[in-house]
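The structure appears below as structure tokens.
None of these values were measured; they are calculated from a predicted model. Reminder, nothing fancy here: chain letters follow the sequence lines and each chain counts from 1.
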Amino acid sequence: MSPLSRGFHGRRRASDVDASRVPPGQYVTTDFPVLSAGPTPHTPLENWTFSIKQGGQTTKSWNWQEIRDLPAEDVTADIHCVTKWSKLDTMWQAVSLDTLLAQVGHEARFVLAFCDGGYTTNLPLADVTGGQAWLAYGYDSSPLQPEHGGPARLLVPHLYFWKSAKWVRGLELLAADEPGFWERYGYNNYGDPWREQRYAGD
Amino acid sequence: MAGTAVRGRLTWQVATVTAVRPETTSVRTIEFDIPDWAGHQAGQHVDIRLTADDGYVAERSYSIASAPGEPLQLTVERLEDGEVSPYLTEELRPGDEIEIRGPIGGYFIWDSDDARTPVLLVAGGSGVVPFRSMLRHRARIGSAAPVRLLYSARSLPDVIYRTELDMPGDGAEIVYTLTRQQPPGWAGHSGRVDAALLTEVAWPEDRQPLAFVCGPTAFVEIVAGELVSLGYPPDHVKTERYGGVGAP
């Protein structure tokens with residue numbers, strides 16, 4: 001039983017926010033806060049690729065134009081950051097990871113996303129297939145800005161937003177799970193906001 | 001890289017306020033007694049949870065201001081539109097209880113007496129809080145690591161921990177830059193942190209320094225980018241961003 005905080009009343013959620021869309025411990029913001037562990041990388045588009053790796057080998061790679069030529073979707077999603085802000089009805093332009101993964105043969109059960117700057121994050125394959133995950137390069141009908149992960153980031157809105165890796169450059173397909181960057185620093189391996197899986201052991 | 005995983009589950013613990021101290025007109029340091037606190041590393045943060053009498057709950061994250069081994073202190077800036085920070089800075093008083101969970105974060109931390117690795121700390125506003133933990137930790141362990149703090153504040157009265165920072169001891173160097181208002185006769189730096197100021201203040205990259213940058217997003221973007229331009233390897237520039245953008 002939590003002790004009551006004397007004199008704390010809270011502001012409550014604005015009446016136009018549907019409380020059922022806000023996971024436990026989160027608050028809704030209309031800003032788009034930025035969080036990252038290091039400097040923002042700036043990879044020129046002519047040097048940019050998105051790669052699928054298996055067994056240490058690149059088995060498929062797309063350049064920027066090839067990604068842009070793939071069928072894109074407008075995705076509207078609520079996003080939830082482990083630092084406690086949630087942002088509702090964000091709008092993205094993105095390619096489904098189903099589209100990318102359909103172009104490689106594999107028997108993987110997990111993926112490790114890798115990024116410019118050395119960031120990684122791990123996800124079960126079941127969470128990045130079936131219309132649940134995208135490679136996003138547009139936000140609000142504009143190119144995705146570098147501080148928000150541009151030129152392209154993952155978008156996996158049903159998990160805490162650190163899983164939606166910024167500056168993503170590819171996926172390593174794995175038979176066994178392997179923790180990524182924040183997952184090695186004490187954050188939850190899976191990160192379901194609805195079960196408030198923020199940290200290891202949650 | 002070596003992970004410093006948090007072991008086991010982080011449980012909510014009842015923390016009793018033992019002291020509050022104003023730092024500036026809008027910033028306050030709060031000290032807590034937590035009977036089972038497992039300790040922390042310099043640079044880590046905690047989650048706090050407030051519960052209203054009708055069961056309404058609000059959670060936020062705050063950097064730890066005290067050194068490892070000291071009682072837990074948080075330094076909180078009141079944000080005008082905030083829901084939690086006005087409560088913490090104006091209402092909370094000794095004897096009150098809130099819930100705290102942590103410590104959290106294993107990347108933006110510093111724990112070294114390596115005299116060969118100079119450390120650059122660059123703070124914007126309340127971004128100085130985790131650096132106060134690091135500076136105190138350095139003094140407590142008698143670290144030989146050269147440390148330089150470049151602290152950007154709006155004005156001298158906005159400088160948090162000023163009395164403490166004015167007597168850094170042990171050769172830690174503190175460099176202020178005041179962005180909006182300077183007192184008469186101010187001999188220090190003025191204006192925002194930019195390439196010229198960093199060139200002057202930052203350790204040269206050939207000494208293989210380690211940099212920590214903490215502040216509002218725009219500040220961190222500029223400073224981290226300039227440090228990379230000065231030759232700092234990106235993985236030697238650790239960043240943490242907060243304040244000013246929807247994190248009341």
Side-chain angles (χ1 to χ4, degrees), chain A residues 1-14 19 23-42 81-87 116-120 145-148 167 179-189 196-202, chain B residues 1-12 14 47 49-61 82-84 87 91-93 95-99 101-108 213 217-218 220-221 224-225 227-228 232 234-242 245-248:
Chain A
M1 187 67 194
S2 295
L4 300 184
S5 309
R6 180 200 56 77
F8 177 67
H9 308 293
R11 199 168 46 194
R12 302 301 189 276
R13 284 168 185 136
Q26 297 292 108
Y27 63 87
V28 173
T29 181
T30 52
D31 292 325
F32 196 167
V34 169
L35 292 149
S36 47
T40 296
H42 296 272
C81 179
V82 71
T83 63
K84 308 211 165 42
W85 55 266
S86 291
K87 190 169 171 64
D116 282 326
Y119 183 78
T120 58
Q145 292 303 300
E147 66 265 32
H148 291 302
W167 312 304
F181 181 86
W182 288 122
E183 293 83 3
R184 283 196 301 259
Y185 283 117
Y187 284 78
N188 194 269
N189 195 58
E196 206 168 359
Q197 294 176 328
R198 299 181 193 276
Y199 312 119
D202 282 356
Chain B
M1 69 196 74
T4 313
V6 177
R7 306 292 171 205
R9 178 169 158 69
L10 290 171
T11 54
W12 288 104
V14 175
D47 285 358
R49 180 161 74 183
L50 304 178
T51 304
D53 54 11
D54 65 351
Y56 175 81
V57 166
E59 291 184 24
R60 294 293 187 277
S61 298
E83 177 186 34
V84 169
Y87 175 79
E91 180 67 29
L92 201 66
R93 63 189 186 213
D96 284 347
E97 293 177 338
I98 68 169
E99 288 179 289
R101 187 158 97 112
I104 295 152
Y107 184 68
F108 195 85
V213 186
T217 290
V220 171
E221 282 293 313
L227 288 174
V228 172
Y232 280 54
D235 63 350
H236 285 209
V237 181
K238 300 189 178 196
T239 64
E240 186 130 296
R241 305 151 200 251
Y242 66 90
V245 277

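Note: A/Tyr119 and A/Phe181 have tilted aromatic rings, judged against thresholds of 30 and 60 degrees for the angle between ring planes.
Only the side chain of B/Glu221 comes within contact range of chain A, judged by heavy atoms closer than 4.5 Å. Heavy atoms closer than 4.5 Å to chain A are found in both the backbone and the side chain of B/Arg93. Looking at B/Asp96, the atoms closer than 4.5 Å to chain A (heavy atoms on both sides) all sit in the side chain, from C-beta outward. For a residue to count as touching a neighbouring chain, one of its non-hydrogen atoms must lie under 4.5 Å from one of that chain's; by this rule B/Tyr87 touches chain A with the side chain only.
The shortest distance between side-chain heavy atoms of B/Glu59 and B/Glu99 does not fall below 4.5 Å.
Salt bridge status for A/Arg198 with A/Glu196: present, with a side-chain N to carboxylate O gap under 4.0 Å. For A/Arg6 and B/Glu97, the salt-bridge test fails: no basic side-chain N is under 4.0 Å from an acidic carboxylate O.
For chain A, the option among B/Leu227, B/Asp47, B/Val14, B/Val213 with the highest count of heavy-atom pairs below 4.5 Å is B/Asp47.
Using modelled atom types, one finds a donor on one side chain and an acceptor on the other under 3.5 Å when comparing B/Arg241 with A/Ser36.
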